[in-house]
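A short write-up of the structure that comes next.
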Amino acid sequence: MAGSNRCELDRLLRQIEACRLCAGVLGHEPRPVLQAGTGARILVAGQAPGRKVHESGVPWDDASGRRLRDWLQMDEATFYDPQKVALVPMGFCYPGKAGSGDAPPRRECRAAWHPRLLPLLPDIGLVLAIGQYAQSYYLGDRHKGSLTANLRAWREFLPGLLPLPHPSPRNVAWFKANPWFEGEVLPGLRARVGELL
Ligand code: SF4
């Protein structure tokens with residue numbers, strides 16, 4: 001069973017790698033960037049790759065990723081081990097710019113791939129729903145109406161789910177304005193990660 005799951009996941013990841021669904025709308029060549037292994041315990045559900053990650057092809061290979069690993073107190077070897085951590089954003093390709101930031105993740109991606117991919121990760125014990133798009137998807141009717149309200153209620157989502165803000169440098173003002181996040185949520189996050197890995 002584990003072996004067939006692994007084969008199925010390998011096959012699906014190859015299909016995703018070849019996906020060109022959004023080729024006509026992205027304005028650049030699609031480059032899906034994600035990581036997943038059948039034994040993964042933690043699912044990092046981010047937004048979509050930024051330009052730097054689009055260029056390197058390495059998920060969370062940027063300032064946001066450094067801050068996220070610091071939040072998790074996790075070294076790169078663990079973070080990039082697909083049998084421990086799945087890195088599955090809401091959109092797998094860089095969506096391009098919109099105004100002063102990046103465009104939203106492509107909705108086609110979630111519809112096309114998430115229902116097929118997530119069942120192949122049966123050992124996930126914690127989903128980190130990072131930012132508004134992942135929180136809309138994973139919190140569903142438990143969504144509190146805003147990102148800050150979701151985070152304030154972080155305890156009620158554990159042990160299987162935890163909403164997080166995006167660790168982007170663009171959110172530094174929010175981190176400063178909400179010191180309880182670092183003081184309360186991060187210790188809770190680290191304790192749960194410690195239980196799983
Ligand atoms: S964003 Fe997702 S659906 Fe669109 S081309 Fe990339 S992998 Fe395919």
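Computed from a prediction, not measured in an experiment: that's the story for all the values here. Numbering of ligands and ligand atoms starts at 1, following listing order.
- Among all non-hydrogen protein atoms, the one lying nearest atom 6 (Fe) of ligand 1 is Cys93 SG, 2.3 Å.
- At most 12 non-hydrogen atoms from other residues, nucleotides or ligands lie less than 6.0 angstrom from CZ of Arg107.
- The aromatic rings of His114 and Tyr137 sit perpendicular to each other, their planes meeting at more than 60°, with 30° as the lower class boundary.
- Metal site remark for atom 6 (Fe) of ligand 1: Cys109 contributes no N, O or S atom at a distance under 2.8 Å.
- At least one cation-pi condition fails for Arg66 and Trp71: the charged atom is not both under 6.0 angstrom from the six-membered ring centre and inside a 45 degree cone around its axis.
- Contacts with ligand 1 closer than 4.0 Å are made by heavy atoms of both the backbone and the side chain of Cys22.
- Remark: aromatic rings of Phe181 and Trp154 are distant, center separation not under 6.0 Å.
- Contact atoms of ligand 1 toward Cys19: 3 (S), 5 (S), 7 (S), 8 (Fe) (distance under 4.0 Å to a heavy atom of the residue).
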